[in-house]
Amino acid sequence: MRTIARKNALTGGFTGRILKVDLSHNKIHQEALDESFYQTWLGGYGMGARILYDSMRPKTEPLCPENIVGFTTGILTGTFSPLGSSFTVVGKSPLTGTWGDSRAGGYFGAELKCASFDAIFFYGRSSKPAYLWVNDGKAEIEDASGIWGKDVVETESILKEQHDDNRIQVASIGPAGERLSLISCIVTDKGRVAGRSGLGAVMGSKNLKAVAVRGTGRIPIASQDKLIELRKRFIDLAKEEREFYWEYFAKYGTSGATAMLSTSGDSPCKNWTGTGSVDFPDAQKVSDDNVIKYMTRKYGCHGCPMPCGGYVKVESGPYVCEAMKPQYETLAAFGALLLNDNVEAIILINEICNKYGLDTISTGSAVAFAIECYLNGVITKEDTEGVELAWGDADSILKLTRMIAKREGFGAVLADGVRVAASKIGKGSEKFAVHVAGQELPMHDPKLTPTFGSAYTLDATPGRHTQGFGMYLDTLSGAKMPSFPEAKYDPTGKGAGIANMAYFNHVVNSLGVCQFPSNLCAIQGIPSLADFVNAATGWNTIMEELLTCGERVACMRQAFNVREGFKPADFRLPDRSIGKPPPTEGPLKGLTVEIDNWVKEYYRYADWDYETGKPSEKKMIRLGLADVATDLHKK
Ligand code: SF4
């Protein structure tokens with residue numbers, strides 16, 4: 001492997017080096033990046049979007065060698081900032097055909113930077129199973145035939161043993177990714193998951209089983225003292241300002257909100273046809289104390305001051321297992337969505353999905369789709385190999401999940417998500433397939449929070465729930481979030497709020513920080529993301545500048561999709577998710593939301609064309625994307 005130095009004088013926050021790995025020709029190349037590249041893109045999926053846009057031909061088949069999959073970190077990943085745990089996997093999504101990215105926490109990102117690299121991009125396809133071994137500034141492509149077929153837990157253990165180092169961090173795919181399941185994911189630390197966009201299948205298509213990293217170096221930091229002082233101030237003030245949020249979150253993680261979100265109408269219920277408060281009265285059984293009572297110890301990602309994770313153990317009965325604690329999305333996807341209140345079964349199902357490398361949101365949605373098909377006579381016991389499907393039947397849900405994970409029998413029909421399954425089954429099953437552009441909808445109902453709905457359709461990765469938190473509308477744009485329900489449903493004038501919320505999230509994801517604690521940085525008086533960036537890099541930036549980076553990242557990801565031929569009309573929410581027809585009972589009774597109107601407000605504010613999806617030429621030039629503007633507007 002050729003090694004080259006960082007291009008600019010060292011300040012901090014990034015190593016300035018990335019790896020490009022050509023699996024077809026067994027070649028690894030190091031590349032140095034300028035500081036200005038980081039000032040423009042911040043790292044993470046911002047960096048990923050620019051590099052993939054430049055390196056990938058339009059209309060590349062997602063499971064062909066020409067697709068590129070990247071593991072990216074951000075400026076704050078692995079630093080003493082209390083937020084920097086994340087890495088983001090990027091690539092063209094085989095599930096949607098659009099831009100794809102997915103974030104995970106854990107320790108992989110920090111380890112990669114300590115090993116002297118900010119990102120790794122994989123090109124081509126290995127002729128045999130392979131993994132990349134990155135060790136303190138060096139990288140080698142290694143034979144993975146001994147771990148091919150193993151689950152992610154076994155894979156991590158074997159690689160640690162093989163390299164005789166328990167501190168190695170591994171990101172790998174399970175058998176689902178190897179078998180090219182379009183809802184497969186990438187797992188690190190045996191249960192931190194880059195779940196969405198089906199990028200596990202892209203790794204599988206490249207015969208790339210895992211990336212294993214070990215780094216003993218220090219990430220360059222401009223002012224470590226300042227970063228430590230900011231961290232302390234952040235923790236003290238955030239605890240003071242949001243005491244309940246902090247303590248509740250650190251105790252339960254997102255599992256603490258499961259019952260409340262089901263009762264309020266946020267959690268979709270019975271494959272988006274039911275009402276939590278009516279159809280799923282025992283949501284409490286899969287929530288907060290009823291989840292953490294299985295916890296044996298806490299888990300936190302790198303440097304996190306409010307660790308939300310944990311290990312759980314079911315000691316007896318049919319669902320015995322030791323696993324990572326399921327978070328809200330999983331508890332809802334295998335709980336309210338299926339009317340299943342058996343928490344022990346959900347813990348085991350979560351473990352199966354993690355081990356095999358399946359996204360739990362998409363897998364739960366695929367099971368919900370199958371149950372509705374079955375109960376409506378579209379499929380029968382013969383199709384499901386004797387498994388009788390019913391709402392709330394934990395055993396049949398578990399069986400079907402196993403079949404999807406192994407791509408066996410009817411599981412093979414569901415293993416590529418509900419859009420593909422409906423196209424295979426036909427017979428009108430499309431109406432039970434709840435997805436946007438192929439990606440199954442997350443566990444937040446747009447009828448309760450329309451900004452989730454707008455994020456599902458306007459983000460470059462359709463069905464993205466982590467961009468749609470309505471709460472940011474208050475803190476970021478000054479556009480007050482009116483109280484539920486009347487004015488909340490009027491999108492007029494909310495384009496600025498939706499856009500700033502999206503830009504803020506692009507900053508968060510590009511910097512490599514976790515959204516949960518970083519929400520608190522938006523509160524007046526608490527150190528901002530700009531403060532942390534300045535301490536890490538020695539820059540002198542302000543939030544407005546970072547939000548401009550977020551705006552640029554939004555345009556770059558959007559440009560990727562426009563170049564692929566996607567238009568806003570291709571991203572439509574299923575009728576049942578927006579209240580067509582409106583619910584007849586519960587807190588969302590009578591509600592229909594016209595999400596298109598919300599999306600139009602965003603497009604107007606962002607200066608994107610609502611027919612073509614193109615950001616205006618003027619805007620792209622202002623953001624330094626003249627070359628991309630030429631591609632989209634002149635070619
Ligand atoms: Fe990880 Fe949870 Fe902390 Fe985020 S809040 S960094 S997901 S432990």
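For ligands, and for the atoms within them, numbers begin at 1 and follow the listed sequence.
- Under 4.0 Å from ligand 1, the heavy atoms of R192 that appear belong solely to its side chain.
- A tilted orientation is assigned to the rings of F452 and Y456, their planes being inclined by 30° to 60°.
- Between K285 and D282 a salt bridge is recorded (basic side-chain N to carboxylate O distance below 4.0 Å).
- Between D531 and R233, none of the side-chain N atoms (NZ, or NE/NH1/NH2) sits under 4.0 Å from a carboxylate O, so this pair counts as no salt bridge.
- For residues 218-230, no residue pair satisfies the side-chain hydrogen bond (donor to acceptor under 3.5 Å, both in side chains) rule, not counting sequence neighbours.
- Counting only protein atoms, the N, O or S atoms lying less than 2.8 Å from atom 4 (Fe) of ligand 1 are C514 SG, ordered by chain and residue number.
- In this structure, the side-chain hydrogen bond (donor to acceptor under 3.5 Å, both in side chains) partners of T216, at least two apart in sequence or on a different chain, are D136.
- Atom numbering of ligand 1 starts at 1 in the shown order; those under 4.0 Å from a heavy atom of F249 are 5 (S).
- Pairs passing the side-chain hydrogen bond (donor to acceptor under 3.5 Å, both in side chains) check and including a residue from residues 341-356, sequence neighbours excluded, read Y294-E344.
- Residues H444 and Y328 bring their aromatic ring centres within 6.0 Å.
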